[in-house]
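These notes concern the structure reproduced below.
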2 protein chains.
Amino acid sequence: MARTTGSDGEKTEAAIREAALDLIARLGFEAMSMRQLAASVGVQPAALYRYFTTKEALLHALMLEHMERLIASWGEARPARGSDKEKPAGRLAKFVENHIRFHLARRNATHVSNLELRSLSSERLEQILALRSQYEGELRSILTDGQREGVFQIDDVALTAMAIIQMITGVIVWFRPELRLSEDEVAANYHTMTMRLVGAEA
Amino acid sequence: MARTTGSDGEKTEAAIREAALDLIARLGFEAMSMRQLAASVGVQPAALYRYFTTKEALLHALMLEHMERLIASWGEARPARGSDKEKPAGRLAKFVENHIRFHLARRNATHVSNLELRSLSSERLEQILALRSQYEGELRSILTDGQREGVFQIDDVALTAMAIIQMITGVIVWFRPELRLSEDEVAANYHTMTMRLVGAEA
DNA sequence: GTATTAATAAAACGAACGTTCAATTAATTC
DNA sequence: GAATTAATTGAACGTTCGTTTTATTAATAC
């Protein structure tokens, strides 16, 4: 056999990406074999190599897409200039809310991006870390502005930014949609905790 | 050749554990081979199996030791009954400080325990998770007490406990001892942030 | 100093791994 | 409807993996 009826490159690549996110999130990147992935997609192992030159290139593509979407998501959610919510407190609120919702909607991709960095070559790792640093820079600038304007009480901006990022990303470790709290409640809770954390007025 | 001069089971096992923590933290559990580990210890691969029946049993032993030490560490650091620091605020302060210092002193073991859980069989996983839950229960009980006494302002104890754990464990992701801040400064910073987070008076 | 036990080496097992290559068929273009 | 391109299969490659078995030597006990 060879090409199958109805086969479509775009759809196959999308299916590979989705199946890979699921398998890597569950088993880990090193533990997932290309044969497993192919079987999950319903394709022979060799077919994967039409879309990704190596296993590592696949991982890199997944992380790149995740980071670019995250940054784009914040670009759209960020309050417009001149609006009332352009003040530091409003920007921070939006940042936390967008972050929580984005990550809850993409648990697999988040797990992959957070847990599998060490499987990247140094060159690819640097690119992903640069994007991550760009995103975190947005938070740092919010904190810096709030500190300058006297609405936040922050000892160390860089440390506080890391603490907030760790705290709000950690939601995917324990949150299960079928449980007690709704996504809205969780987002509201993290918002409150973040505002207290930076010493902002309620 | 066979038994080497000066060989000692206890020392060899300790050397295996230390080398394994280092390799797994750097490469990941699945990516580390038993041959690599043996070479790092300075021993033949077969020798490893005198101390650990399987690769997974080795991982489990490392995590078990880490969790038991963590719980023991808190058992020693916890304020004595009747002391001034037995109040919720004092207990929380001690909990955060002990957690930060313990994890900074054992970065490799922390990385292994946090990142490699999915490589455990379900039976072994349950045991580790039970210990983890026991430790987190200590934090939850501090928060509950503070909430009851009205010294903490907390919307949801379980959620807040997870947020704090994620935040303070995250220190090992970014902190580098050679950089800007000292361990004392970092611990003090996390203490301040935690107190604000739970709405405690300064 | 002999017997026993502890600690390791050396070699090998089958299985699984990532990846490549040639052949084959479906879809598209003209 | 012939020529071209896109998508995939099937088979195979050399390598590495976790683990086991057997033999051998060092340390210990009597």
Side-chain angles (χ1 to χ4, degrees), chain A residues 1-24 26-63 112 116 118-121 123-124, chain B residues 1-24 26-63 112 116 118-121 123-124:
Chain A
M1 271 206 274
R3 179 165 188 173
T4 55
T5 54
S7 62
D8 176 336
E10 275 191 39
K11 286 179 185 171
T12 302
E13 179 173 346
I16 293 172
R17 285 176 182 260
E18 189 184 333
L21 286 178
D22 177 61
L23 283 173
I24 298 173
R26 285 214 322 269
L27 314 173
F29 174 70
E30 295 283 350
M32 175 200 75
S33 74
M34 295 300 267
R35 285 170 175 82
Q36 265 180 305
L37 175 57
S40 173
V41 176
V43 106
Q44 292 299 314
L48 304 175
Y49 289 84
R50 178 164 238 280
Y51 303 95
F52 303 98
T53 59
T54 63
K55 193 186 178 191
E56 189 221 331
L58 164 60
L59 176 63
H60 176 248
L62 297 176
M63 290 184 171
V112 171
E116 309 294 350
R118 63 191 161 199
S119 293
L120 289 182
S121 68
E123 199 171 342
R124 287 178 164 137
Chain B
M1 271 206 274
R3 179 164 189 174
T4 55
T5 56
S7 63
D8 176 336
E10 274 191 39
K11 287 179 186 171
T12 303
E13 179 174 345
I16 293 173
R17 284 175 182 260
E18 189 184 333
L21 285 178
D22 177 61
L23 284 173
I24 298 173
R26 287 214 321 269
L27 313 173
F29 174 71
E30 296 283 351
M32 175 200 75
S33 74
M34 295 299 268
R35 285 170 175 81
Q36 265 181 305
L37 175 57
S40 173
V41 176
V43 105
Q44 291 299 313
L48 303 175
Y49 289 85
R50 178 164 239 281
Y51 304 95
F52 304 97
T53 58
T54 63
K55 192 186 178 190
E56 190 221 331
L58 164 60
L59 176 63
H60 176 249
L62 297 176
M63 291 185 172
V112 171
E116 309 294 351
R118 62 191 160 198
S119 292
L120 289 182
S121 68
E123 201 171 339
R124 288 179 164 136

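What's counted below: heavy atoms across the whole structure, side chains too, no hydrogens, waters or symmetry copies.
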Measure the [atom1]-[atom2] distance between [X] and [Y] for me, rounded to the nearest 0.5 Å.
| X | Y | atom1 | atom2 | value |
| --- | --- | --- | --- | --- |
| B:Met63 | B:Leu21 | CE | CG | 10.0 Å |
| B:Arg17 | B:Glu13 | CZ | CD | 4.5 Å |
| A:Arg118 | B:Ile24 | CZ | CD1 | 9.0 Å |

Nearest-angstrom distance from the residue atom [atom1] of [X] to [atom2] of [N]:
| X | N | atom1 | atom2 | value |
| --- | --- | --- | --- | --- |
| A:Glu13 | D:dT8 | CD | C1' | 15 Å |
| B:Met34 | C:dA15 | CE | P | 20 Å |
| B:Met32 | D:dT16 | CE | P | 17 Å |
| A:Arg50 | C:dA26 | CZ | C1' | 12 Å |
| B:Ile16 | C:dA7 | CD1 | P | 11 Å |
| B:Tyr51 | C:dT8 | OH | P | 4 Å |
| A:Leu48 | D:dG10 | CG | P | 14 Å |
| A:Glu30 | D:dC17 | CD | C1' | 12 Å |

Beyond-backbone contact of [X] with [Y], side-chain heavy atoms, under 4.5 angstrom:
| X | Y | result |
| --- | --- | --- |
| A:Ile16 | A:Val43 | no |
| B:Leu23 | B:Ser40 | yes |
| B:Leu37 | B:Leu58 | yes |

Q | Exam field: side chain B:Glu30 to backbone A:Gly28, donor-acceptor pair closer than 3.5 Å | A |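 A pair under 3.5 Å: no.
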Q: Ignoring hydrogens and angles, tell me if any N or O in the side chain of A:Glu56 forms a donor-acceptor pair with the backbone of A:Ser121 under 3.5 Å.
A: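 Here the side-chain-to-backbone pair exists.
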Q: Would you jot down, in residue-number order, the residues of residues 35-45 of chain A having a non-hydrogen atom under 4.0 Å from DNA chain D?
A: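 Here the set is A:Arg35, A:Val43, A:Gln44.
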Q. What parts of residues 54-61 of chain B reach DNA chain D, counting only heavy atoms under 4.0 Å away?
A.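 When residues 54-61 of chain B is checked for heavy atoms under 4.0 Å from DNA chain D, the hits, listed by number, are B:Thr54, B:Lys55.
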Q: Taking all non-hydrogen atoms of both residues into account, name the closest pair between A:Lys55 and A:Met32 and its distance.
A: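 Minimum heavy-atom contact is NZ-O, 2.7 Å.
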(Q) Side-chain N or O of B:Ser33 versus OP1/OP2 of D:dC17: is the shortest distance under 4.0 Å? (A)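 For D:dC17, OP1 or OP2 has a side-chain N or O of B:Ser33 closer than 4.0 Å.
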Q. Does a side-chain N or O from A:Thr12 land closer than 4.0 Å to OP1 or OP2 of D:dT8, or not?
A.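 Answer yes for this pair, as a side-chain N or O of A:Thr12 is under 4.0 Å from OP1 or OP2.
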Q | Side chain of A:Tyr49 - closest among D:dT19, C:dG18, C:dA10 | A |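 Out of D:dT19, C:dG18, C:dA10, the nucleotide with an atom closest to A:Tyr49's side chain is C:dG18.
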**Q.** Residue whose closest nucleotide on DNA chain D lies nearer the 5' end, B:Thr53 versus B:Ala31
**A.**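 Counting from the 5' end, the first nearest nucleotide belongs to B:Ala31.
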